[in-house]
Every structure is written in structure tokens, then in C-alpha cells.
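Working notes, beginning with the structure itself.
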Amino acid sequence: MRMLLTPRFAAPALIGACLAGLSALTWRKWTDAWLDSGRELYAAWRLSEGDVLYRDLASVHGSLSPYLNALFFKAFGVCFDTLIFANFILLAVSLALLYAIGRKLAGRWVATATCALVVALLGFSRLGDMGNFNFITPYSHAATHGLLLSLSAILCLSFHLERPSNVRIAAAGALLGLTFLTKVEIFVAAAAACYAAVCLRRPSLERRRSLFPELTLLTCALASPVAAAALLLAPRLGLNGAARGVLGPAFYALRMGVNPNPFYLWCAGFDNPGLRLAQAFGAFAKTAGFLSALAIADIWLSRRKAGAAASWALAATTAGGLLIGLQLWPGLFHEAALGMSFLALVVVIDDLRLARFARTKEANAHAKMSFLFSAFALGLLAKIILNTRIYQYGFVLSFPAVALVAFVLLDRIPLRLAAGGASGGHFAAAMGACLVIWAGSVVRMTARVVGEATVAIGSGHDRFYDVSSARSTVEAFALIEARVPPGATLAVIPEGLMLNYLTKRRNSVPYGALLPVEVELFGEPAILAAFQRTPPDFVMLIHSDTSGLGARYFGRDYAQALAAWLQEAYEPSAGIGAEPFASENFGMRLLRRRKK
């Protein structure tokens, strides 16, 4: 027991306790029955059976994550538990990387507190009926894997900034190349930060002529995993097909950037940019005012020679005020989070200033390491830049920004106060209380939502629990088991690959989801041609209002040609509820291919 209380073991013990407590609270209640987790499970299952990505399974993401998950299935068995436990390990590794970075930038205890905060806010949270936005059953494993690889690249490059080494910069480049094989937006944020940090030179300390070889080595190392992925896929897809598959996600991301879907405009806050910008800046200004008041309190207490009791009193007063504020204003922390992008920008500018005017080589290296992380945090917020949040995509996109908030509040500002003659400790104590209240509010909300997740779906090692709206998944599962013979192929429209995975009915076409975004990206003619070439034995139509993605109903507002072909080629077999896509009432129809 005494060993666990030593500084060496206290950090992993505290972080491990947070992981254990939150996993127990949310056990098997992380997943949404209809949405993206089914795609992740289905892809891993099919690849483990010999299907080929980009040929048998269409994808807008990189190849690394689905094949890694397929490898896990091969090694440990095809079941949900395999990915759950793999993701627990990967979350622990991500936290270890964050701890290592945080220890370099802010010290052991701040790094420990930061990891605990990240676990509470992002690791297991479920802040609404929709699941999948957590690290255990993420909506996209490419996102969580990409974050882990990015943190690894940043840590490698931070070692290089301290002691230049070709091995370290090559390792950072290779990790960036692997990140490219996950999600493009994460790669862009990490690569931009790494290249900027390498270019951030101080002539009096380092020779400019060493810059070109470093950038060349970083770029060559980055290209190596990308080229290797194409070569590994080439025997099945041909060299041209493999190159299109590996580079395709970048082109899809570019297309979405040039012609964004309304949903992604909302995600970034560009649906109403003027209003969103005003809200984000207003949130930042209010937070800055609050922090200034606490900084003034720290200075005043320091002048009065106040001790630890004053720190505890200030922390208790701050916590009490926040608790009262949450009762009057439940969205307090949600609004405060809107200002994270401005905070990251301020820190980036401050790091650039520190790097330029550092008096020692060590101070310069530390400023560049801080810049590397803060630039990554700012870049990763780009997808939600004016609508910054910790829920939905924010669980992964705000990961470094949340850590940056903790570094600034618990270390940077207190050190600046101390350098000016104040204590800094009073401010840090108050900030610790603020972060505890923030974490507690998120855990409390998660507990309320998972308490309502009582509908059991699947069985054995595939079982999970969802909210009452998921009862339709149970009904659909029973209908498929009764009407679709084992070995028959099945397409669920517009989405529902979880049903394919749980019933082990393969989809004969590569396009597992036919939401407006996928139909726009892949093109309706290509999708229709795939259905005509290898038509599934059965099609299940499940009512879904996809207005938020740009078109309301399948077959009426988008994909009309595909819907017309389905009507000609299939006949009704069974149904539950109302006719899908005909009214606001929910219903499902199972269609059987017509006999010729």
C-alpha cells in the first residue's frame, strides 16, 4: 500500500481508479444500436473472413483501423468483447502518451490531473441518447487510432526538439504516415503541428542549414507507411486500385471541404458563422474575466501572506459558486467549452513568443514542445472550430484541447503569477476545484443517460445495452433471424450494419450505409451499378429521417433511381409498423428478391 502512495505509482493508480470506476458505471452501455459501431464491427468481421477493403467494403477512411480490428478478431475471436478490451488497452496507451507529454510540459501532478480529467470528460461519456462517442466503442476507430498515433508522433518529435536525432525525427515521420492511414483531419492537424515545430528555428541556437535535411527525412519517413499500405493492397486491388484506395480518403475529405454537407457545416459552426463566432468569443471573454478575478484574488491573498487555508477557502468558494451556477444555468460548462479554440490560439501565439525570446536552449526547446502540442490542439479543433464541444465528435477532437486547458489553468497561469510575485497556488487550487466540478457534472449526466440504457441487444460476448428507442433493433433482429436464411445476403437501408454483424448476414454490395453523405460521396450511379451487379437476396428498409444530413427520406428526397430499381427487383416479405419513408411514423419492411 505504501508503494502505491509514492509519486512513482500514485499517478497510474489514480488514473487507473478513474478508468475502473467509469468503466463500471457505464459497462456495456457505450454503444448506439443503429449508428456507426455496427459499421466498425461489420468491417472487422468481413475483413477477417477475407474480404478486401475498397473492393468489397467501401470506405472514406484509411485502411489501418479496419485491418487492425480484423487482426484482433483473427487473434481473439469475432465478438464485440474483443474490440472493447482492445480499446481499453488503446485508451490506456493514449493516456500514457498524454501523461508523458504533460509531464514534460507541466510536471507529474498536473499531468496526472489532466489524464484524470480527460478520462472523466471524454473516455466513457454518453451525454445524450446517441452512443458511440467515447473511446471504448467509438463511432470510428480511425479517429481514436489516429489520435493515439498523433500523440506518439508529437512525443517522438518533442524528444527530437530536446536532443536532435535522425532516429527520432524518422520515427515521428513514420507515425505521421500511419496517422494518414486513419482519418485525414487528424493527420492534417498532427502533420501541420510537426512541420511547423521543425521549422520553428532560432538562428542563435541552431543552424538554419540543418532544416532542409530534417524536413526531407520527416517527409520520406511519412511517405513510407503510405507506400507500404498501397503495396500490401496491390495484389488484391492492382497497383492503381490500391493507390486510389489509400489516397481516396484525402480526396473525399477535400470534396467535403469544397462542397460541405449541412451537417458538417453545423459541426464546424459555419451554418451561421457570424453568430457562432460571436458566441465562441463571448464564451472566451467570459471565461477570461472569471480567470482574471481569480488571479486578482490570488494576488490579494499573496500580499496578505495567506497560507494553505486560504487556498482551500478559495477553492471551496469557487466550487460552491459553480455548483449554484449549474443549478441556475445547466449549460454553463457547455458554453465555456465554446471558447476553447480561442484559448488554443492564444497559447499558440504565446508559445511562439516564448520560443523567439527564450534566453536558453532549454527554454527554447520547452517553448517549441509546448507550441507543438498547442498547435496540434488548435488544428484538431478545425472540424468544430466555431462549435467547440466535448460531446459528439468533440470527444476525440477536443482531447488535446481539454488537456491544454488543464496545463494552462494548473501550471502556466500559476507560474506566471508566481513569477510576478504572487503565490499562484491559490489560483491553482481554485482551478482544481473548477475542473473537478466540470468532470463531476459530465459524469453525473453520463450516469443519468446510461441508467436509461436497459434494452439488451445481442447475446453472449456481443451483448450491449441501449436506450428504449433501440427496441426496434431487437424487433429487426428477430425478423431477420426468422425470415432471412443463414448464408443469404442482406442490405439494410439507409443504415444498419449492426444487424448484418449480429445476425452474421453478409451484404453483397460494398456500400453498407446509404445516408445522404455516402450517396453524395460515392455517387448514386456507382451504388446502383453495384446493386445490379451483385444484388442482395434480401433488403430491409428501416424508416429514418436524415434531414440533418441534407435530405430527409431515402427514395423520396435522395437516391430515387436506386429506390425505383429496388421496387422493380424486390417484393415485400414481411414488415413491422408503418411504411418506411412514407410518413413520420416508424416502420420496417423486409424485401425479398423477385424470382425471375
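All of these numbers come straight from a predicted model, not from anything done at the bench.
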Side chain [X], main chain [Y], donor-acceptor under 3.5 Å:
X      : Y      : value
Thr82  : Val78  : no
Asp36  : Ser140 : no
Tyr139 : Gly131 : no
His461 : Cys79  : no
Glu40  : His141 : yes
Arg255 : Leu521 : yes
Ser125 : Leu127 : no

request  = For the pair Glu495 and Arg39, find out whether any cationic side-chain nitrogen is under 4.0 Å from an anionic carboxylate oxygen.
outcome  = no

So, do [X] and [Y] sit near enough that their side-chain heavy atoms are less than 4.5 Å apart?
X      : Y      : value
Leu381 : Ser398 : yes
Leu25  : Phe124 : no
Leu19  : Phe88  : no
Phe376 : Ser150 : yes
Ser59  : Leu53  : yes
Val402 : Met340 : yes
Glu520 : Phe522 : no
Lys29  : Val467 : no

Indicate the ring-plane relationship of [X] and [Y], choosing parallel, tilted or perpendicular according to the 30° and 60° boundaries.
X      : Y      : answer
Tyr42  : Trp45  : perpendicular
Phe464 : Phe80  : perpendicular
Tyr501 : Phe73  : parallel
Trp27  : Trp30  : perpendicular
Tyr393 : Phe263 : perpendicular
Phe76  : Phe72  : tilted
Phe407 : Phe373 : tilted

message = Determine whether Thr182 and His145 satisfy the following criterion, side chain to side chain donor-acceptor pair (under 3.5 Å), listing intermediate values before the conclusion.
response = CA-CA 7 Å; Thr182 59; His145 295 169; over 6 Å; no

Got a second to check how far [X]'s [atom1] is from [Y]'s [atom2], nearest 0.5 Å?
X      : Y      : atom1 : atom2 : result
Thr31  : Ile84  : OG1   : CD1   : 6.0 Å
Leu372 : Ile101 : CG    : CD1   : 7.5 Å
Leu91  : Asn134 : CG    : CG    : 9.5 Å
Leu149 : Leu176 : CG    : CG    : 9.0 Å
Leu122 : Thr144 : CG    : OG1   : 12.5 Å
Met588 : Ile493 : CE    : CD1   : 15.0 Å

query = Is the charged tip of Arg389 near the ring of Trp266: under 6.0 Å from the six-membered ring centre and within 45° of its axis?
reply = yes

I need the minimum non-hydrogen distance between [X] and [Y], along with the two atoms involved.
X      : Y      : value
Ala143 : Val396 : O-CG2, 3.7 Å
Ala476 : Met540 : CB-SD, 4.1 Å
Leu404 : Ala377 : CD2-CB, 4.2 Å
Phe333 : Leu322 : CZ-CD1, 4.2 Å
Ser544 : Tyr553 : O-CD2, 3.6 Å
Gly458 : Arg463 : O-NE, 3.2 Å

task = Report the C-alpha distance between Thr26 and Arg126 in whole Å, list the side-chain angles of each, state the deciding distance to 0.1 Å, and finish with yes or no for side chain to side chain contact (heavy atoms under 4.5 Å, CB included).
result = CA-CA 9 Å; Thr26 59; Arg126 184 165 183 175; over 6 Å; no

query = Checking salt bridge (charged side-chain N to carboxylate O under 4.0 Å, His left out) for the pair Asp466/Arg28: CA distance, chi angles, key distance, verdict?
reply = CA-CA 9 Å; Asp466 203 353; Arg28 293 190 182 278; over 6 Å; no

query = When you look at OH of Tyr252, are more than 12 heavy atoms from neighbouring residues, nucleotides or ligands closer to it than 6.0 Å?
reply = yes

request  = Go through the steps to decide whether Leu499 and Ile542 satisfy the test side chain to side chain contact (heavy atoms under 4.5 Å, CB included), and finish with yes or no.
outcome  = CA-CA 11 Å; Leu499 292 172; Ile542 299 180; 3.9 Å; yes

query = Arg276 pairs by side-chain contact (heavy atoms from CB on, under 4.5 Å) with which of Thr388, Leu386, Ile385?
reply = Leu386

inquiry  = With side chain to side chain contact (heavy atoms under 4.5 Å, CB included) as the criterion, how do Thr546 and Tyr558 come out once you've worked through the C-alpha distance, each side chain's angles and the decisive distance to 0.1 Å?
reply    = CA-CA 10 Å; Thr546 55; Tyr558 73 100; 3.8 Å; yes

request  = Could you give me the CA-CA distance, side-chain angles and deciding distance for Arg552 and Asp557, then say whether salt bridge (charged side-chain N to carboxylate O under 4.0 Å, His left out) is met?
outcome  = CA-CA 6 Å; Arg552 188 173 187 184; Asp557 302 300; over 6 Å; no

message = Is there a side chain to side chain donor-acceptor pair (under 3.5 Å) between Ser472 and Trp34? Walk through the geometry before answering.
response = CA-CA 9 Å; Ser472 57; Trp34 285 117; 3.2 Å; yes

message = Show, in sequence, the C-alpha distance, side-chain angles and deciding distance for Ser374 and Asp351, and conclude whether the side chain to side chain donor-acceptor pair (under 3.5 Å) test is met.
response = CA-CA 8 Å; Ser374 60; Asp351 288 334; 2.8 Å; yes

Ring center gap for Tyr391 and Phe133 short of 6.0 angstrom =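 Between Phe133 and Tyr391, which both carry aromatic rings, the centre distance is not below 6.0 Å.
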
key: Derivation of the side chain to side chain contact (heavy atoms under 4.5 Å, CB included) call for Val474 and Val455   = CA-CA 9 Å; Val474 179; Val455 178; 4.0 Å; yes

request  = Let me see the working for Ser370 and Arg412 under side chain to side chain donor-acceptor pair (under 3.5 Å), right down to the final yes or no.
outcome  = CA-CA 11 Å; Ser370 181; Arg412 182 172 299 208; 2.7 Å; yes

